[in-house]
Amino acid sequence: MNEETHHWIQQPPRRDAAVVECALCGTSAGSGTAPPTWLCSVENGSRQYFCEECARTHIRAIESRLDSAWW
C-alpha cells in the first residue's frame, strides 16, 4: 500500500499584526487588516494603505497610476 507523505511547512509563530494606518493622513484602521473600503497600493515594493476619504480625494491620480509622492 502506497502512503502519501505530506510535507508541511512550519511557519514561525505569528506576532501581533501592526495596526494599518493611512499613508497620507495617518487615520488608523483599528486592526491589522484594512477595511474593504480602503485602497491598497504597492509602491517601490511596499504596500501602502489609504483611507476611504484620502482615496476619494485623490481618485484621479490613483486611476492615472501616479505614485503617492506626486499627489
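Keep in mind the model is a prediction, meaning the values are calculated, not measured. Hydrogens, waters and symmetry mates are skipped; everything else that's a heavy atom, side chains included, is used.
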In Å, rounded to the nearest 0.5 Å, how long is the span from [atom1] of [X] to [atom2] of [Y]?
{"X": "Thr57", "Y": "Glu52", "atom1": "OG1", "atom2": "CD", "result": "10.5 Å"}
{"X": "Ser41", "Y": "His58", "atom1": "OG", "atom2": "NE2", "result": "12.5 Å"}
{"X": "Glu21", "Y": "Gln48", "atom1": "CD", "atom2": "CD", "result": "12.5 Å"}

Return the minimal non-hydrogen interatomic distance between [X] and [Y], and the atom names on each side.
{"X": "Cys25", "Y": "Thr27", "value": "SG-OG1, 2.9 Å"}
{"X": "Trp38", "Y": "Ser28", "value": "CH2-C, 4.0 Å"}
{"X": "Phe50", "Y": "Ala23", "value": "CE2-CB, 3.6 Å"}
{"X": "Ala55", "Y": "Leu39", "value": "CB-CB, 4.2 Å"}

